[in-house]
Every structure is written in C-alpha cells, then in structure tokens.
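Data block below; observations after.
Everything numeric here is computed off the predicted structure, so don't read it as measured data. Values below: every heavy atom of this structure, side chains too, minus hydrogens, waters and symmetry copies. Per chain, numbering begins at 1; letters A, B, ... match sequence-line order.
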Amino acid sequence: MSVFLATHERTHSCGALRASDAGKRVVLTGWVQNYRDHGERIFIDLRDREGVTQIVADRERIAAIHAVADQFRNEWCIGIVGEVKLRGQQLAKGVPGEERKLKAMTNTKIQTGEVEVWIDEVEVFSKADTPPFAIEDDVDTNDSVRLKYRYLDLRRPRLQRNLVMRSQITRTTRDYLACTGFLEIETPFMVKYTPGGARNFLVPSRLNPGNFYALAESPQIFKQLLMVAGYDRYFQIVRCFRDEDLRNERQPEFTQIDIEMSFVNEKILQTTMEGLMAKLWKDVLGIELTLPLRRMTFAEAMDKYGVDKPDLRLDLILTDVTEGFKGSGIKFIDDAIAAGGIVKALRIPKNEKFTRALIDELPNFGKQYGLKGVTTVRLQEGGVWQGLKGVPDEARAAITAKVGAQVGDAIVFVADKWKVANTALGGIRLHLGDKLGLIRKNEWQFMWLTDPPLFEVDEGEIAAAHHPFTSPRTEDEDMLETAPEKVLARAYDLVLNGVEVGGGSIRIHRSDLQARAFKALRISDENQRAKFGFLLDAFKFGPPPHGGIAFGLDRLAMLMTGAEYMRDVIAFPKTQKGSDLMTDCPTPVSAKQLDELFIQVKPDLPVK
RNA sequence: GGAGCGGUAGUUAAGUUGGUUAUAACGCCGGCCUGUCACGCCGGAGGCCGCGGGUUCAAGUCCCGUCCGCUCCGCCA
C-alpha cells in the first residue's frame, strides 16, 4: 500500500473547494490535467471525475516539493496534502489596488476557480506515458484511436458526465419502479433459438454437441411467463443481443428497461410509464414534464409526418394532395397515381434560408428513399406556382388552399407509393427542418404513438409488426380472418424528439385469440409448438391479462445527455463491425477449443 | 447486401500537373521564466504517407485490390 494512503484520506474531490474553504488543510487525489511551470512556482491542474482544482508547488514554500512537481507530466496520478488559499492571497497583503487584481485571478471556467491549494506533501502514485490524445472535451480525435484507448477517452469530462447521468437514470428508474410495486427479476441470456425477427448470436453447447443457445434478443417470452407465474409487476434493466447491421443508434448489445404488468390496460400502463419519465426528467435533469403526454394514432403520424416517430419540435406537416392532382397532366404524378400511389405536399413557410441550392439537392436527397422525383414550387402573387407548370388553375388553387400556403411559401411535392412517398417526404421534412433551423432544440417533445397495424404485409408476406403475442384491438378482432392488414394493434411506442425510446403492447392472453393470430400469420400448429410450445402450454394455466413495454436505455441516455453518438453513453462500445478495438475482439479461437465444441470452421475463410 | 466519406509525425490536418530534403498547429524532449489557468520565450527530436500489387525514369499524388473507421439505405430495436 502507498505510504501516502496509509496516513492520509482524501478530504475533498477536485470539484469541491470554494472560497469558504480557505485556510483548510486538505488532501486531494487525481490526475495531472495540465501544468504551467513558471520557474519558482508551478501551477498544476488536478483533475478527478468531479472537477479540476489548481494546486501550486512553490520553491520558496518547500523546495523539495517543488523539485518533485517539476517532474510532473500530464496524466500522472498523484495525491497531495496542502493548504487552501484564495487565489493570489499573498499579493493582497498591504499592496494598494491589489483587491481588483485578486478578483481577476479567479478562474471562472472552473467551479473551484476562487481557490488554489499550496502543496505541502505529495506522492506520485504512478507516472504516465504521453497519452495518444489530450484528455479534454473538445479533442477532435479519430474514433478508432479513442476506442483503442477507451480508458483514456473515458477520463474526458464529457464522457464522465454522460456515464454519471446514465447511472442516475438507472438508479432513478429502480427507485421509481420499486416504489410502484415492481419486482426486479433476472431472466436468462442464454435462451432457446427461435428463427424470425432479429438474427441471434449463437453460443455452442459443449455438453450438448451440435446444439446452440441463442443470446436473448429481449426477455419478451420470459417476462410474459413471469406474469403467468403471478409476479404481476416485473422490471429489469437488461442487456439484449441482436446480430444485425449496426448504426450510430444501434449496438450489437444494448440495454433495455424491460417492464411487464398484469391486470392493466393501455391507459394504466402508459400512465405508470409517464410517471417514470416525469421522475427521470425531474430527478436527473431538473425539468418538470407536463402530464399526460400527448397521444397520436399511427394513421395521423403517417399522414402528417410521414413516419411513426414524429419529431414534434418541428411544426412542418405533410398534406395528402392526391385528389387535387388527379388528371393534372403532369406525367410523373399521373403515373404514380395510376400505379396506386399518392401525392404528398410539404409546406415550407416563407424562409430566406430555403435557397435554390437547397431546393436543387432535394431530388438527390429523395433518391436514398427510392424516390424518383421531388418537385418544389414557390407561391407567387395571384396563386401562381413558380417551378411547376401545367397544373390547371382550379386544381392549383385547391391544392394551395389545402396545403394552406401563403404568398412566398414553398411547397415540396413527392409522388410515389404510399410508403415511399410518406417515408421520403418525412425524411425531407426533417432534413429541411434541420437546414432551415426550424427544429426547436431546447424542447422535450414526448408523444405516445397508438393504434399501429398489427401486421406488416410485404410483397404478399404477412408478418407480426411487433411480435405474435400482441393483442389486436377488440373492435378489430373480427377482421383477423377477413382483412388482417386492416387490424390495428393494442400497441404503443413512446416517441421523444423523433426517436422511438420505448415500445410495447397489451398481449394476447386468450388461447383462442392467439390461435387466430397465429392462423392469420400463417404459422402452422406444428411451427407454433416448435417455437412457442412452452408459452402456449403456460397459457393453459390461467394466464392473467397483461402487457408491457421496453425502453431503450442507451437511446434515453443519449437524448438526456445530449450526446450525438450512442457510443458516448456506453462505457465500452463496439464499432460498426461489432468489434472492440481495445481488446481486439472478436478473434479466431484455437483448433482445440473448436474441437471441444464440436465445431468446424469453413476452411476457405480469409485469415485476418 | 448496397451507397458515400475518411486513413500522411503521438494527435488534428495541408500536400498543386506525378518531380529537389513530405508541411503546419498542438503535443513531446531540453533550457529559461514569480501569478499562470489554451501561460510565455529559445532550441530540438519525431514519418512503412493503412496494407499489397501495378503504371512510370520517378508515386503521398495515377490505376487495381484489400483492411480498418465513420455516416446512410436495406435489415433491425
């Protein structure tokens, strides 16, 4: 053990000292953030996760200490004992006009800027190599370098603040849910493989040659079984694993706040969750949310915003103008309508930033959504459209009125299949909102998205939009057999500033209804048994009505911390190819290890 | 699976039409400095130009391939 620590205990963090502490003898520990050597006197910024304190090694005070401090370099880990002094205290002694000087000496950039600590004892716990990048918030360093030296990156105040806040989020969540009657119960990570949905990571079973576990995509099935077992309010802050292609907001392992409740309807569940959000925002951010949160149906969201997760910090809305364009004589529009598509319009109120250049890049922007064309018009005096000719006066006036455009406004039109037109114009809405500075960045716009379709139909294939246990709306049950694509679900997403932060549903608990849902999904009895036999069995033994929700903790943390990248709220994240650059993972394994698992790797794999 | 951007000193970047010894800033090392806090001043070291091939008298620069990182589409939550 360090001699220093045998006789001293830290008295303050590096963010704690204030003017009122002047004169105290304190013990500080931390890392050398920076040093300014003035010969006789060395100023050192000492950093820990709470902040920075200036410490001073003065030759006149103690020459030996000064000699040690002279060696200090960035990121050395040290401990000191010293006296807290007001900045420049010794200057003020009887010298005229020094009061003002003293004031100028406080460093307003740091919390402890009024004081400094004059070192009387010191111990170097450990020296440090020159770090590959500066430990500062505004360092602009390549992600791969940051990830390789993640432990250094994590020393940066910004990331420390993010992880502190993430910890507050999970603590507050546990507090709230525990106080609301929820039990925290763990479920297995290594589970039965079920095809469909996201790809699973597989884990070979040595004890069962040729057999594999899957890493759980989510605890969905288990939490429903816990409801059957009578643990009627469950939660878990749990890791989930999905072997899909990655994005900024997607990691191969991510964390959910997973929740399930019995004897509830949508209203009760959503209200309970609103309470969680309100507590999180109050306790972690100090912000009062107004409850209840806004609700919007899936149909309205798609119609007005083109997406199922509208960003309501932006007021622009979409309008369906298919009717107005019928028989317009504009070829690409007529073609789209003839093919069963729609025409959608986005009104951009008069805006000087909406330049020719911005308009010209829209078709190219639309291409990434599969859009063939984007047309933008500007409304001139007398209802004239600048930019699109040939639309009859009457139709033009009707469309302009429906969109609600005024002279000087612009209207962006797209025409395509329903899904493409909506998704693309929804994307354009966000793109332009950003470019034109119309997104109110300081707002927290929550909303519940409700009544989504129960099934997704894609090229004749029908699939569960959420999962096959999602309950249809009672009034839609009869359409399960006749028009399944029209059945709406008792499902809901919580959307915040255009990000889906959570989603869930009321589950089916009646076996007759479940059978009809499976039938609509064209899942055979045999298949049902093979995949979900245990759940169907369990549902024979008095399952309660139940429903749940899961929040993406990483996404919540991203939004609450204002982080731009999900990697910035995860201590040890993975790259876009799922690798960990610090530990160099994943790696090949030895033939012996494979042998033990009865696994043979294809011989023509490229060697890394 | 597809599209785009990037990889040059420890870090971030510049590098012209292919042409002498590959620049700069910060950082690093040595020295000086009594109030700095992005301290300042003087001096110095530091390069497999991601990797492999090709074209050429000559490649950081052109061509082909490949690896890695990032963003997006598909996919997925």
Side-chain angles (χ1 to χ4, degrees), chain A residues 33-46 52-61 66 73-75 85 87-92 98 101-102 104-110 112-113 116 129-136 138-149 152 196-200 217-218 220 240-256 258 308-309 364-371 420 423-424 427 431 458 466-467 493 499-504 550-555 564-567 574-577 579 581 584 606-608:
Chain A
Q33 170 74 33
N34 191 16
Y35 56 92
R36 295 169 292 281
D37 184 351
H38 286 248
E40 280 297 299
R41 194 170 292 158
I42 305 169
F43 300 98
I44 297 143
D45 295 333
L46 191 67
V52 172
T53 300
Q54 173 163 286
I55 59 177
V56 184
D58 185 71
R59 187 179 281 156
E60 202 177 304
R61 188 176 175 94
H66 180 275
R73 292 296 178 268
N74 287 356
E75 301 309 317
K85 290 191 178 197
R87 294 269 184 125
Q89 194 176 40
Q90 77 292 352
L91 280 184
E98 290 293 344
K101 238 187 209 172
L102 179 81
M105 274 174 198
T106 65
N107 183 350
T108 51
K109 289 177 196 163
I110 57 176
T112 60
E116 60 194 8
D129 287 357
T130 303
F133 49 84
I135 312 300
E136 291 164 11
D138 49 2
V139 288
D140 184 17
T141 300
N142 208 313
D143 283 289
S144 41
V145 180
R146 289 178 52 191
L147 288 172
K148 180 171 180 187
Y149 300 95
L152 294 180
R199 270 185 282 264
N200 292 96
E217 295 168 31
S218 79
Q220 183 61 41
C240 302
F241 306 88
R242 292 179 196 176
D243 187 11
E244 291 293 342
D245 287 5
L246 306 175
R247 289 279 197 292
N248 176 12
E249 291 194 16
R250 249 187 258 165
Q251 284 274 317
E253 44 180 323
F254 61 98
T255 306
Q256 282 187 346
D258 195 50
D308 58 0
K309 45 181 182 179
N364 218 16
F365 182 84
K367 253 184 212 161
Q368 57 176 306
Y369 297 93
L371 213 56
V420 175
T423 308
H431 174 70
D458 192 25
H466 192 53
H467 58 60
D493 287 342
V499 177
E500 183 199 320
V501 293
F551 296 98
L553 175 64
D554 310 281
R555 284 184 180 175
E564 196 176 341
Y565 300 97
M566 185 174 276
R567 292 183 292 278
K574 293 192 169 52
T575 70
Q576 200 171 36
K577 283 192 70 186
S579 52
L581 298 180
D584 187 26
V607 178
K608 225 180 177 181

Original post:
Could you state the NZ-P distance from Lys577(A) to C68(B), rounded to the nearest angstrom?
Top reply: 3 Å

Subject >> Counterpart base for C37(B), defined by Watson-Crick or G-U wobble contacts under 3.5 Å >> reply: none

**OP:** Please assess Gln54(A) against Arg36(A) for the test side-chain hydrogen bond (donor to acceptor under 3.5 Å, both in side chains), listing each intermediate value before the final yes or no.
**Re:** CA-CA 10 Å; Gln54(A) 173 163 286; Arg36(A) 295 169 292 281; 2.9 Å; yes

**OP:** Scan every strand shown for a Watson-Crick or G-U wobble partner of C28(B), both distances under 3.5 Å, and answer none if you come up empty.
**Re:** G44(B)

Original post:
So do the side chains of Pro252(A) and Asp243(A) get within less than 4.5 Å of each other, counting heavy atoms only?
Top reply: no

**OP:** Using the test ring-ring contact (aromatic ring centres under 6.0 Å, His included), find all partners of His466(A) that sit at least two apart in sequence or belong to another chain.
**Re:** none

Subject >> Nucleotide nearest Glu60(A) (side chain, heavy atoms from C-beta), chosen from U34(B), C29(B), G69(B) >> reply: U34(B)

Original post:
For G69(B), which nucleotide is its Watson-Crick or G-U wobble mate, given both distances must be under 3.5 Å?
Top reply: C5(B)

**OP:** Write down the distance between CD (Glu40(A)) and P (U36(B)), rounded to a whole number of angstrom.
**Re:** 16 Å

Subject >> Annotated protein contacts, base or backbone, on nucleotides 3-10 of chain B with a non-hydrogen cut-off under 4.0 Å, one of B, S, - each >> reply: -------S

**OP:** List for me each residue that meets side chain to side chain contact (heavy atoms under 4.5 Å, CB included) alongside Arg242(A), sequence neighbours excluded, and say none if there are none.
**Re:** Ala198(A), Glu217(A), Ser218(A), Phe254(A), Gln256(A)

Original post:
What residues, two or more places apart in sequence or in another chain, satisfy side chain to side chain donor-acceptor pair (under 3.5 Å) together with Asp245(A)?
Top reply: none

Protein N or O to nucleotides 42-44 of chain B N or O, pairs below 3.5 Å:
none

**OP:** Using ring-ring contact (aromatic ring centres under 6.0 Å, His included) as the criterion, list what pairs up with Phe43(A), not counting sequence neighbours.
**Re:** His38(A)

Original post:
Can you list the residues that meet the side chain to side chain contact (heavy atoms under 4.5 Å, CB included) rule with Glu253(A), with sequence neighbours excluded?
Top reply: Arg239(A), Phe241(A), Lys574(A)

**OP:** Sequence neighbours left out, what passes ring-ring contact (aromatic ring centres under 6.0 Å, His included) with Tyr149(A)? Give chain and number order.
**Re:** none

**OP:** Sticking with atom P, work out how far C57(B) lies from C70(B), rounded to a whole angstrom.
**Re:** 41 Å

Subject >> Length of the line joining Ile42(A):CD1 and C37(B):P, which is rounded to integer Å >> reply: 16 Å

Subject >> Whether His38(A) stacks on the six-membered ring of U36(B) base, 5.5 Å and 30° limits >> reply: no

Subject >> Identity of whatever pairs with U21(B) - Watson-Crick or G-U, under 3.5 angstrom >> reply: none

Subject >> Value in whole Å for how far the P atom of C67(B) lies from NZ of Lys148(A) >> reply: 20 Å

Subject >> Residues in ring-ring contact (aromatic ring centres under 6.0 Å, His included) contact with Phe133(A), at least two apart in sequence or another chain >> reply: none

Subject >> Residues which pass side chain to side chain donor-acceptor pair (under 3.5 Å) with Thr575(A), listed by chain and number, not counting sequence neighbours >> reply: Ser579(A)

Subject >> Nearest-Å distance once atom P is located in both C62(B) and U36(B) >> reply: 49 Å

Original post:
What string of B, S and - do you get for nucleotides 71-77 of chain B, 5' to 3', if B is base contact, S is sugar-phosphate-only contact and - is no contact with any protein heavy atom under 4.0 Å?
Top reply: BSBBBBB

Original post:
What interatomic distance, in whole Å, is found between C1' of A3(B) and the corresponding atom of U21(B)?
Top reply: 41 Å

**OP:** Ignoring the backbone of Glu116(A), work out which of U11(B), U36(B), C70(B) is nearest its side chain.
**Re:** U36(B)

Subject >> Euclidean distance for P, G40(B) against C67(B) (whole angstrom) >> reply: 45 Å

Subject >> Gap between atoms CZ and C1', on Arg146(A) and C68(B) respectively (whole Å) >> reply: 17 Å

Subject >> Whole-angstrom distance between A13(B) and U55(B), as gauged at atom P >> reply: 34 Å

Original post:
Between Arg73(A) and C29(B), is there a side-chain N or O to OP1/OP2 distance below 4.0 Å?
Top reply: yes

Original post:
Under the 3.5 Å rule, do the base of C37(B) and the side chain of Arg87(A) count as making a donor-acceptor pair?
Top reply: yes

**OP:** Specify the separation, in whole Å, of atom CG of Asp140(A) and atom P of C26(B).
**Re:** 16 Å

Original post:
Within this structure, what is the NZ-to-C1' distance between Lys574(A) and C68(B), rounded to whole angstrom?
Top reply: 17 Å

**OP:** May I ask you to verify if any side-chain N or O of Asn34(A) is less than 4.0 angstrom from the OP1 or OP2 atom of C39(B)?
**Re:** yes

Subject >> Under 4.0 angstrom between Lys109(A) side-chain N/O and C37(B) OP1 or OP2 >> reply: no

Subject >> Whole-angstrom distance between C41(B) and C68(B), as gauged at atom C1' >> reply: 42 Å

Subject >> Whole-angstrom distance between C49(B) and U12(B), as gauged at atom C1' >> reply: 15 Å

Subject >> Pairwise C1' distance, G60(B) and G27(B) [rounded to whole Å] >> reply: 23 Å

Original post:
Taking for each residue the nucleotide of RNA chain B with the nearest heavy atom, is it Asp58(A) or Tyr35(A) whose nucleotide lies nearer the 5' end?
Top reply: Tyr35(A)

**OP:** For Arg199(A), enumerate each residue passing the side chain to side chain donor-acceptor pair (under 3.5 Å) test, keeping only those at least two apart in sequence or located in another chain.
**Re:** Glu244(A)

Original post:
Pick from Thr108(A), Thr112(A), Thr106(A): which one makes a side-chain contact (heavy atoms from CB on, under 4.5 Å) with Ile110(A)?
Top reply: Thr112(A)

Original post:
Below 4.5 Å, heavy atoms only, C-beta onward: do Arg73(A) and Thr130(A) meet side chain to side chain?
Top reply: no

Original post:
Under 4.0 Å between a side-chain N/O of Arg36(A) and OP1 or OP2 of U36(B), yes or no?
Top reply: no

Subject >> Student check: side-chain heavy atoms of His66(A) and Glu40(A) closer than 4.5 Å >> reply: no

Subject >> Whole angstrom value for the distance that separates C1' of G27(B) from OH of Tyr149(A) >> reply: 15 Å

